[in-house]
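The structure appears right after this line, and notes come after that.
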Amino acid sequence: MLLLLCVSLFVIGLSADEHGGDNTVSFTADTFAESVPKKNHFVMFYAPWCGHCKRLSPTWEDLGKKYNEADPQEVVIGKVDCTQHTTLCSSQDVTGYPTLKMFSKGIDGGVKFRGPRDLASLERFLSEQLGKELQNDDKIDVPEALTGLVEYTDSSFRAAVASGKHFVKFYAPWCGHCQRLAPTWESLATSLEHDKSISIGKLDCTKYRDICTEYEVKGYPTLLWIEDGVKKEKYVGDRSLEDMKSFVVGQLGNEASIQKEAEDEPQPPVLILTSENFQNAIDKAYTLVKFFAPWCGHCKRMAPTYDELGRKFVSYDMVKIAKVDCTQEINRGLCSEQSVNGFPTLYFYKRGEKLAEYIGDRSLNDMATFITSHLEHDEL
């Protein structure tokens, strides 16, 4: 009996130690509330019994060793035991383990990490959240955006807007209004991508605060018309595509040419879906949906091929090629409901019902063959 008790205590002790280590900071509700507003934090919310948490723990300790010992320290790597601090975890919308959240200094709310949990992916996410360039050996060869939307960084913004006319969205990833505007803003950029007299762009104010302060951005989203580096006007109208495009037309003074270009321009080959239009979009057709995250390297690499897939099926009324950005707050519930656990995830739907997950090669021919193999012959 004594031997059994000793073994049991040994196992319990081992289990408790699996999330131990000196490289990460363990928070309580009080220390979390005190520390997080003062500095950038990347926090793992976990349960000691959780198998995924145990597997992540060594990698999380490696991440902590690198960033918590850095000089200067740009981000604190920490963790919260949700079996001990249930109220804190509930307030952070922790519904599964582990939940990883990035908290930027001075910004309310956090950004959930939804990618692969290897060290390289975690570091890439951190670099993007901190507004840092990746090291040369970690850089991803990302093709130029096909939509015409320019995503600025601190190193590219000033040079880009120094001359010419620019319509820029200043935003924060956690901002609900920004997330609802995102698909329309991308459509605006797409509709004007061939007009070289104007650029449509966006700047993340949680990463590049100095620029946002310089341009007197006090709320999100803020839409500014900038000419030759100088703020000319703040857009305060309705955020519909038609109204924002009319604003651009008025600023440029060339309504006729833009209207003709819009009439001649084909519809975007890949539909942008959100939780608000998702069900309606997939109800009446066969739809392949890519669930993705903008920071995901695999998503970036497959983007040109996926756009080409959209163009291939653009003439088929019963086939839609679409995508959902799972990092947008408005879409997170949808991605969770659809069992999206990694990026990119591709699901094929038949009239509203999930038919299959595409797990094959991400070449154009293989994805097209997958789609056609599921279609009824009389619908092609």
Side-chain angles (χ1 to χ4, degrees), residues 40-45 75 92-96 98-104 107-118 120-132 134 140 142-143 145-147 149-153 169-187 189-190 201-208 220-221 270-278 281 289-303 306-307 322-347:
N40 300 316
H41 285 68
F42 195 18
V43 180
M44 174 176 69
F45 297 87
V75 59
Q92 292 302 322
D93 191 30
V94 176
T95 57
T99 292
L100 312 179
K101 293 186 73 172
M102 176 72 184
F103 301 89
S104 296
I107 303 294
D108 292 334
V111 177
K112 283 186 181 180
F113 173 78
R114 296 177 179 273
R117 294 172 186 148
D118 58 278
S121 297
L122 293 169
E123 287 197 79
R124 185 174 291 112
F125 172 77
L126 274 180
S127 294
E128 291 168 351
Q129 292 297 312
L130 295 171
K132 295 171 58 182
L134 294 172
I140 298 170
V142 182
L146 299 178
T147 62
L149 181 61
V150 182
E151 187 164 0
Y152 296 111
T153 66
K169 177 183 72 171
F170 296 83
Y171 74 101
W174 48 260
C175 158
H177 294 296
C178 305
Q179 292 158 3
R180 285 188 286 275
L181 175 61
T184 308
W185 193 253
E186 186 170 335
S187 296
T190 300
K202 62 180 182 179
L203 184 83
D204 184 346
C205 287
T206 66
K207 295 181 180 179
Y208 312 114
Y220 308 123
V270 177
L271 300 176
I272 300 171
L273 303 184
T274 70
S275 60
E276 295 178 344
N277 64 0
F278 179 82
V289 183
K290 177 181 71 171
F291 297 88
F292 75 101
W295 46 258
C296 158
H298 295 296
C299 305
K300 292 175 181 178
R301 284 190 284 274
M302 80 169 292
Y306 199 71
D307 285 328
K323 62 183 179 181
V324 174
D325 182 350
C326 289
T327 66
Q328 294 181 6
E329 185 68 34
I330 192 174
N331 295 331
R332 289 177 182 173
L334 169 64
C335 294
S336 178
E337 290 169 6
Q338 296 300 317
S339 301
V340 176
N341 297 314
F343 304 119
T345 293
L346 281 74
Y347 286 137

**Request:** Answer whether the closest heavy-atom distance between the side chains of V324 and V289 falls below 4.5 Å.
**Result:** yes
**Asked** How would you list, by chain and number, every residue that makes a ring-ring contact (aromatic ring centres under 6.0 Å, His included) with F291, sequence neighbours excluded?
**Response** Y347
**Message:** Can you list everything that forms a side chain to side chain donor-acceptor pair (under 3.5 Å) with N40? Sequence neighbours excluded, please.
**Reply:** none
**Message:** Applying salt bridge (Lys or Arg N to Asp or Glu O under 4.0 Å) as the test, list every pair that has at least one member in residues 332-346; sequence neighbours left out.
**Reply:** E329-R332
**Asked** Sequence neighbours excluded, which residues qualify as side chain to side chain donor-acceptor pair (under 3.5 Å) partners of Q338?
**Response** Y349
**Prompt:** Hey, are the side chains of Q92 and V43 touching, using non-hydrogen atoms and a 4.5 Å cut-off?
**Reply:** no
**Prompt:** After noting the C-alpha distance and the side-chain angles of F113 and F125, does the key distance pass the ring-ring contact (aromatic ring centres under 6.0 Å, His included) rule?
**Reply:** CA-CA 8 Å; F113 173 78; F125 172 77; 5.0 Å; yes
**Message:** Could you measure the distance from the SG atom of C335 to the CZ atom of F343? Nearest 0.5 Å is fine.
**Reply:** 6.0 Å
**Prompt:** Who are the side chain to side chain donor-acceptor pair (under 3.5 Å) partners of T327, not counting sequence neighbours?
**Reply:** D325
**Fill in**
Of all heavy-atom pairs linking D204 and A172, the shortest is OD1-CA, 4.3 Å
**Request:** To the nearest 0.5 angstrom, please state how far the CG atom of N331 sits from the CD atom of Q179.
**Result:** 8.0 Å
**Request:** Mind checking side chain to side chain donor-acceptor pair (under 3.5 Å) for D118 and listing every partner two or more places apart, or none if nothing turns up?
**Result:** S121
**Request:** List for me each residue that meets salt bridge (charged side-chain N to carboxylate O under 4.0 Å, His left out) alongside K101, sequence neighbours excluded, and say none if there are none.
**Result:** none
**Message:** Evaluate L273 against K323 for side chain to side chain contact (heavy atoms under 4.5 Å, CB included), listing each step before the verdict.
**Reply:** CA-CA 6 Å; L273 303 184; K323 62 183 179 181; over 6 Å; no
**Asked** Side chains of P221 and L181: closer than 4.5 Å at any heavy-atom pair?
**Response** yes
**Request:** Mind checking the CG-OH spacing from L203 to Y171? Nearest 0.5 Å is all I need.
**Result:** 7.5 Å
**Request:** For L346, check side chain to side chain contact (heavy atoms under 4.5 Å, CB included) against everything at least two apart and list the hits.
**Result:** L288, K290, M302, Y306, P344, Y358, M367
**Asked** Excluding sequence neighbours, so at least two apart, what forms side chain to side chain contact (heavy atoms under 4.5 Å, CB included) with S336?
**Response** none
**Message:** Can you tell me how far apart OG1 (T184) and NZ (K169) are? Round to the nearest 0.5 Å.
**Reply:** 9.0 Å
**Asked** Any idea which heavy atoms bring P173 and V111 closest together, and the distance?
**Response** CB-CG2, 4.4 Å
**Asked** Got a sec, which residues hit salt bridge (charged side-chain N to carboxylate O under 4.0 Å, His left out) with D93, two or more places apart in sequence or on another chain?
**Response** K112
**Complete:** The ring-ring contact (aromatic ring centres under 6.0 Å, His included) partners of Y152 (sequence neighbours excluded) come to F157
**Message:** Quick one, L100 with L122, criterion side chain to side chain contact (heavy atoms under 4.5 Å, CB included). Give me CA distance, side-chain angles, the key distance, then yes/no.
**Reply:** CA-CA 10 Å; L100 312 179; L122 293 169; 3.9 Å; yes
**Message:** Quick one, K202 with E186, criterion salt bridge (charged side-chain N to carboxylate O under 4.0 Å, His left out). Give me CA distance, side-chain angles, the key distance, then yes/no.
**Reply:** CA-CA 10 Å; K202 62 180 182 179; E186 186 170 335; over 6 Å; no
**Prompt:** Is there any salt bridge (Lys or Arg N to Asp or Glu O under 4.0 Å) pair reaching into residues 172-182, and which pairs are they, with sequence neighbours excluded?
**Reply:** none
**Request:** Quick one: pull up CD in Q328 and CH2 in W174 and give me the separation to the nearest 0.5 Å.
**Result:** 15.0 Å
**Prompt:** Do C205 and Y220 have side-chain heavy atoms sitting under 4.5 Å apart?
**Reply:** yes
**Asked** Got a second to check how far K300's NZ is from F292's CZ, nearest 0.5 Å?
**Response** 11.0 Å
